[in-house]
Amino acid sequence: MNDNKEKILYDDGTHKCVMFSFDDEELGDSFLSVNQYLIIQKDSAVLVDPGSEAIFDELYDAVSRYIDVQKIKFVFLSHQDPDVSGSITQWAMSTKAKFVLSSLWVRFMSHYGFLEMTRIIPLNDKGAKLNFGADYLEFVPAHFLHSPGNFSLYDSRSKILFSGDIGAAIVTSMGEYKKVEDFDSHVKYLEAFHKRYMGSNKLCRAWVNRVKALELSKIAPQHGFVFEDENSEKFLDWLENLECGSDLIDDLF
Ligand code: FE
């Protein structure tokens, strides 16, 4: 196991959440840290935002060390971007999993070479709850944060919210797994990305409202570091008050 690239976020003996941080290392200076997640309960698993084709082999091997990949029941894609969904065809060929994503993006998946549309579970805008073992997974609407059809995934057992691009830190190196130690010194890695990529303050508030109603242990984004405890709260308070996207229209046109 590569300690720099794998971290167990939760394990109670029956239910486990693993964080992977595999990047396309050939990207050199344009490198952006990317996280992938695996949720396992007994004999089934869900893969969260598996990423680009370039990291497929590495992630496949890593997942195989935790569970037989044939036991992956669902692959969740928070949105359509290549660093999230680019490997959909590879996962389709190597598993029997169903793919859960916004109905807005279903037809676009063929552009990644994916043609088995009957294996997609399309989510309507309001999201859904899916039974998972004795617990459930909730797909929480996160539209325009940043993608027009976008969801976060809440795992009711671990109480981790897999937040996709929300909370993403733009850092060029993860080093060892790092959680946010101090929100105030971390915010510089969030600011530019969220101001430009998130749709508007109104949309941020709608998401924060939904998320504040959940019992949370961690917020785990697709890029950068994991938020825990008071840093999760500080992040939600910050996002709730952030001017972004269309709020800053005068800077754009
Ligand atoms: Fe994205």
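First listed ligand is number 1; within each ligand, the first listed atom is number 1.
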_4.5 Å side-chain heavy-atom contact, Lys7 and Leu9_ =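 Yes; the side chains approach each other to less than 4.5 Å.
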*Assess the side chains of Thr95 and Trp91: does a donor N or O sit below 3.5 Å from an acceptor N or O?*
no
*Any luck finding a side-chain donor-acceptor pair between Arg205 and Asn209 under 3.5 Å?*
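Judged by distance alone, the side chains do not pair up.
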Please name the atom of [X], restricted to N, O or S, that is closest to the Fe ion (ligand 1).
| X | result |
| --- | --- |
| His146 | NE2 |
| Asp81 | OD2 |
| Asp165 | OD2 |

_Working note: Phe20 + Lys5, criterion side chain to side chain contact (heavy atoms under 4.5 Å, CB included); need CA distance, chi angles, decisive distance, verdict._
CA-CA 5 Å; Phe20 302 101; Lys5 296 192 169 179; over 6 Å; no
*asked:* Would you say the Fe ion (ligand 1) has Asp83 as a near neighbour, meaning an N/O/S atom of that residue under 2.8 Å away?
replied: no
